[in-house]
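Note sheet for the following structure.
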There are 2 protein chains.
Amino acid sequence: MVTLLDVAKVAGVSRATVSLVCRDSPLVAEKTRKKVERAMAEVGYVYNRSAANLRSSFTNTVGLIIPDIANPVYSDLLTGVEDVLTPLGKAVFIADTNESEERQAHLLQRMLEMRVDGLVISTVGGTTAEDLAPYTRIGVPITQVFRMIEDAPFDYAGINNRLGCRRAAEHLLDLGHRHIGFIGSAVSPSVNQVRYGGFCDAVRSRDLPAESMPTITCKHTFGDAAVAAKKLISSAAAPTALVCFNDIIAFGATLGVYELGLTPGLDVSLVGFDDIESAANWRPPLTTMSIEARQIGRHAGTLLANRIKDLDLPVCSMVSEAVLKQRETTAPPRRAAV
Amino acid sequence: MVTLLDVAKVAGVSRATVSLVCRDSPLVAEKTRKKVERAMAEVGYVYNRSAANLRSSFTNTVGLIIPDIANPVYSDLLTGVEDVLTPLGKAVFIADTNESEERQAHLLQRMLEMRVDGLVISTVGGTTAEDLAPYTRIGVPITQVFRMIEDAPFDYAGINNRLGCRRAAEHLLDLGHRHIGFIGSAVSPSVNQVRYGGFCDAVRSRDLPAESMPTITCKHTFGDAAVAAKKLISSAAAPTALVCFNDIIAFGATLGVYELGLTPGLDVSLVGFDDIESAANWRPPLTTMSIEARQIGRHAGTLLANRIKDLDLPVCSMVSEAVLKQRETTAPPRRAAV
DNA sequence: ATCTAATTTTAGATCGATCTATTTATTAAA
DNA sequence: TTTAATAAATAGATCGATCTAAAATTAGAT
C-alpha cells in the first residue's frame with residue numbers, strides 16, 4: 001500500500017508537506033505543490049480517508065436519513081442538500097429507513113460510528129428525542145426536515161402543511177366549487193391530519209360545513225387512489241373537485257376520473273400536493289401545491305453547515321409556504337352546484 | 001472521547017478483549033462479554049470505525065453507484081443488493097451520478113479513498129475500463145449491473161434486453177396486431193438500440209417489414225411520451241399497439257391515448273418494460289416485461305460477495321430473461337387489421 | 001497431582017494520516 | 001549587510017482501533 005511517506009520520498013519532501021498538498025493548504029508553495037502532485041500520480045497514491053478521519057476532529061461527511069428514496073420529494077431534497085454541502089467539501093451519505101424504526105436505529109448508530117460531522121433526518125413515526133440523544137451527547141448537530149419531533153432542540157426545515165392545504169382548497173372554492181372531496185393518506189397519519197386541518201380551515205372560512213365534505217384515505221399508489229376517487233365521485237355527496245394529499249394520489253385520482261369516462265379538469269377538478277417533477281408533465285398538467293423540496297433541502301443543508309461551524313447558535317426553524325401551481329386539472333365546476 | 005481503553009478499565013479487562021467483544025468474536029467467554037457490554041453502556045462508548053478501518057484490511061463497506069436514484073428500477077436494485085449484503089455485515093453506500101461522467105469520476109475516487117471492500121456500478125455512458133483501473137490496481141472488486149463496458153473483466157448482472165423486447169412485440173403479434181409502433185428512449189441510446197433490435201427481431205420473425213413500423217423516441221417523462229404516442233397513433237401507419245421502451249413511457253403513452261378519447265387496452269394496446277411497482281397499480285394495470293430489478297440486485301450482491309471472498313474466481317455474468325406480465329393494457333386489435 | 005491440550009486473555013507493535021511546535025528559507029525594511 | 005517579519009517545510013507525537021504472538025487460565029486425561 002502506497003502512503004504519504006512513499007510520495008514524500010519520491011517528491012523529496014516531508015510527509016507533512018504531502019499531507020498539506022492533499023488538503024489544498026495555502027501554506028505550500030506552488031512549485032512544491034506541482035512537484036508533489038507529480039509524485040502522487042507517479043506512484044499511484046490513493047488518499048486514505050480512514051487514517052485522516054482518525055486523526056482529524058472532523059470527517060467532512062454528513063448523513064442524510066430519509067424514509068423513502070424512491071419518493072421524488074426525497075430525491076429532490078437530496079439534490080438540494082448536496083447543492084449546499086458538496087461545494088463545502090462535505091460528502092453526503094444517503095440512507096433509506098423505509099419507514100422502519102429498527103432500520104433507522106441501525107443507521108443512526110452506523111453514522112455515529114463513522115463520525116459524521118452532522119445529520120439531516122426525516123424521522124420515521126415514533127421517533128423520540130431520546131433516540132437522537134447519542135448525537136447530542138457527543139455534539140454532532142442534527143437538522144430535521146419535513147417531519148418534526150415534539151420538543152426536540154434541533155434546527156428544522158420544512159413547510160407549512162396546514163396553510164398549504166388550506167390554499168389548495170381555497171383555490172377550488174374560488175373557482176366556484178361547493179362540494180369538494182378530500183383524499184387523504186393512510187400512510188402518514190400525522191401529516192395527513194395537519195393537511196386535513198387546513199382543508200377544513202378553508203371550507204369553514206366560506207361558511208360551509210366541513211363535516212359534510214366527503215373524505216377518504218388511501219395508500220400512495222395509483223390503483224388505490226383511483227379506486228378512492230371513483231368512490232368519492234360516485235358517492236351521494238357528488239363532489240365536483242378533489243383535494244389530494246399528494247401528487248401520486250392526484251395522479252391515481254386522475255386515472256380514476258378517466259375510468260369513469262369523465263375528463264379531469266373539466267368534469268372533475270383535482271389539486272395535488274408537492275409538485276414533483278412529473279406533475280407538470282402529467283396529462284392534463286396537474287394543478288398542485290409546490291413545496292420546492294429541493295429548496296427545502298438547501299435550507300436544511302445551510303442550517304446544518306451553520307451549526308457545524310457554531311454549535312451554540314440558537315435553534316433555528318425555516319418553515320416555507322407551499323405555493324399554488326395552477327395548471328390544467330382545475331377549472332370552474334361544470335355541473336351547477338346543487 | 002471515550003475509547004476502548006476506557007471501557008477496558010471499567011470492565012477490568014484488556015483493550016484487546018474489548019475489541020474482540022466489539023466484533024462479536026467467539027474467542028471471548030460469555031461471562032466476560034456480558035461484563036464488557038455493561039461497561040460499554042455505562043461509559044457511553046461509541047465504536048470508531050475510522051480507527052478500525054485504518055488497521056483492518058477490510059472496511060465492511062460496499063459502494064453502489066447508480067445513475068438515477070429516483071428511478072424505481074434503481075431503488076429496487078438497491079433493495080436487492082442490500083438483501084444480500086446487509087446480512088453479511090456490509091454497509092452499502094449509495095451514490096447517484098445523475099448520468100454525469102464528472103460526478104461519477106468524483107464518486108469513484110471518494111469510494112476508493114474510503115477503501116470500500118467492493119463496488120456495484122451501473123456506469124454512465126462513455127465510461128471505459130480505464131476509468132475503473134484504480135480499483136483493479138489495488139484489488140477492489142467491481143460488479144457491473146444493467147450496463148456493461150466493452151471488454152472489461154468484471155462480473156456482471158443484468159437482463160437480456162434484446163430478447164425481452166422481442167417477447168414484448170411477439171405478445172402483441174400473437175394477439176393479432178399487425179401495425180405496431182415503437183416508442184424508444186432518447187435518453188439511453190445504447191440500451192434503446194438493443195431493445196429496438198429485439199422489436200425488429202420479432203416483427204421480422206413474422207415476415208412483416210420492420211421498416212414500416214412507426215418509430216419515435218422521447219424523454220422519460222409522461223408529457224413527452226403522451227405527445228409521442230399521440231403522434232404515432234394518428235400517423236398514417238395507424239398502429240393498433242405500442243411497444244414502449246419502459247414503464248414511464250408506457251404510462252405517458254396511456255395518458256396520450258386517454259387524451260385522444262380512446263381507451264387503452266381496448267382501442268390501443270400498450271406494453272411497457274421494467275415492471276416497476278406502480279405498473280400493477282396503473283389504470284388499467286399495465287402489461288409489461290418484468291425485469292425483477294430487486295432480483296438483479298441480489299445477483300449483483302452475491303457476485304460481489306463471492307469475489308470479495310476470492311479475487312481469483314473466473315469472471316461471471318448473470319443475464320436474466322425479462323418475463324411478460326400480461327395485465328390489462330393489451331388485447332386483440334379492435335379495428336380490423338388493414 | 002501432573003501433564004497436555006484447548007480455551008481465554010493480553011502486551012505491544014502497527015495502520016496512515018494530522019497536529020503542534022519548531023526549524024529553515026525567503027523577503028522587506030533599516 | 002543586518003535584522004525583523006513572513007512564508008514554507010518539517011520532526012515527532014498522536015488519533016483509536018486491530019493484529020500477532022505469547023502468556024495465563026481452564027479442562028481433560030493419565
Side-chain angles (χ1 to χ4, degrees), chain A residues 1-37 39-40 43-61 89 91 109-110 112-117 138-139, chain B residues 1-37 39-40 43-61 89 91 109-110 112-117 138-139:
Chain A
M1 194 88 299
V2 26
T3 78
L4 277 192
L5 190 61
D6 301 302
V7 177
K9 273 189 210 140
V10 171
V13 296
S14 76
R15 218 164 69 250
T17 304
V18 181
S19 175
L20 290 173
V21 171
C22 288
R23 287 171 287 156
D24 282 320
S25 163
L27 288 185
V28 39
E30 195 50 40
K31 215 174 58 184
T32 321
R33 149 167 294 124
K34 280 269 150 56
K35 197 168 52 177
V36 170
E37 276 165 356
M40 286 207 214
V43 299
Y45 172 70
V46 179
Y47 188 68
N48 186 325
R49 241 161 239 284
S50 294
N53 291 345
L54 173 57
R55 190 59 175 85
S56 174
S57 54
F58 53 98
T59 57
N60 278 323
T61 54
Q109 178 66 25
R110 184 106 199 176
L112 197 62
E113 291 176 357
M114 62 188 278
R115 297 291 194 278
V116 292
D117 293 338
I138 68 173
Chain B
M1 194 87 299
V2 24
T3 77
L4 278 192
L5 190 61
D6 301 301
V7 177
K9 273 190 211 139
V10 170
V13 297
S14 76
R15 219 165 68 250
T17 303
V18 181
S19 174
L20 290 172
V21 171
C22 287
R23 287 171 288 156
D24 282 321
S25 163
L27 288 185
V28 40
E30 196 48 40
K31 216 174 57 185
T32 320
R33 150 167 292 124
K34 281 269 150 57
K35 198 168 53 179
V36 170
E37 275 165 356
M40 286 206 218
V43 299
Y45 172 71
V46 179
Y47 187 69
N48 186 324
R49 239 161 241 283
S50 294
N53 291 346
L54 173 56
R55 189 58 174 87
S56 174
S57 54
F58 53 99
T59 57
N60 278 323
T61 54
Q109 178 65 22
R110 184 107 200 176
L112 196 62
E113 291 177 357
M114 64 189 279
R115 295 292 195 276
V116 292
D117 293 338
I138 67 173

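Throughout, a chain's letter reflects where its sequence line sits, starting with A, and its residues are numbered from 1.
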Touch class at under 4.0 angstrom, heavy-atom based, for T32(B) against every strand present: sugar-phosphate

For a quick check of understanding: with a heavy-atom distance under 4.0 Å over all strands, which category does A16(B) fall into, base, sugar-phosphate or nothing? base

E113(B) CD to dG16(C) P, straight-line distance once rounded to whole Å: 15 Å

Closest to the V28(A) side chain: dA17(D), dA9(D), dT9(C)? dA9(D)

Which nucleotide, dG16(C), dT8(C), dC19(C), lies nearest any side-chain atom of A51(A)? dG16(C)

The answer to which of V13(B) and L54(B) contacts DNA chain C further toward the 5' end, by nearest nucleotide, is V13(B)

Are OP1 or OP2 of dC15(C) and a side-chain N or O of S56(B) less than 4.0 angstrom apart? no

Side-chain heavy-atom pair N60(A), D117(A) within 4.5 angstrom cut-off: yes

Can you check whether M40(A) reaches V21(A) side chain to side chain, under 4.5 Å on heavy atoms? yes

Check the distance between dC15(C)'s P and I138(B)'s CD1 and give it to me in whole angstrom. 17 Å

Mind checking if T17(B) touches a base, just sugar-phosphate, or nothing, with heavy atoms under 4.0 Å? base

R49(A) has an atom CZ; how far is it from atom P of dG16(D), in whole Å? 20 Å

From CZ of R33(B) over to C1' of dT8(C), roughly how many Å is that when rounded to an integer? 12 Å

How is R23(B) classified with respect to the nucleic acid when contacts are heavy atoms under 4.0 Å: base, sugar-phosphate, or nothing? sugar-phosphate

L20(B) backbone acceptor or donor facing R33(B) side chain under 3.5 Å: no

Have a look at S50(A) and say if it touches a base, only the backbone sugar-phosphate, or nothing, with a 4.0 Å heavy-atom cut-off. nothing

To the nearest Å, give me how far apart CG (L27(A)) and P (dT10(D)) are. 13 Å

Figure out the NZ/P separation between K31(B) and dT9(C), and round it to whole Å. 9 Å

Take atom CG of L4(A) and atom C1' of dG12(D), then tell me their distance rounded to the nearest Å. 15 Å

V13(A) versus K35(A): any side-chain heavy-atom pair under 4.5 Å? yes

Would you mind reading off the distance between M1(A) atom CE and dG16(C) atom P, rounded to a whole angstrom? 8 Å

Main-chain N/O of R115(A) paired to T59(A) side chain as donor or acceptor, under 3.5 Å: yes

Of R55(B) and R115(B), the one whose closest DNA chain C nucleotide lies more 5': R55(B)

If the cut-off is 4.0 Å, is S14(B) near the phosphate of dT10(C), judged by side-chain N/O to OP1 or OP2? yes

What is the nucleic acid contact for F58(A), judged by heavy atoms within less than 4.0 Å: base, sugar-phosphate only, or nothing? nothing

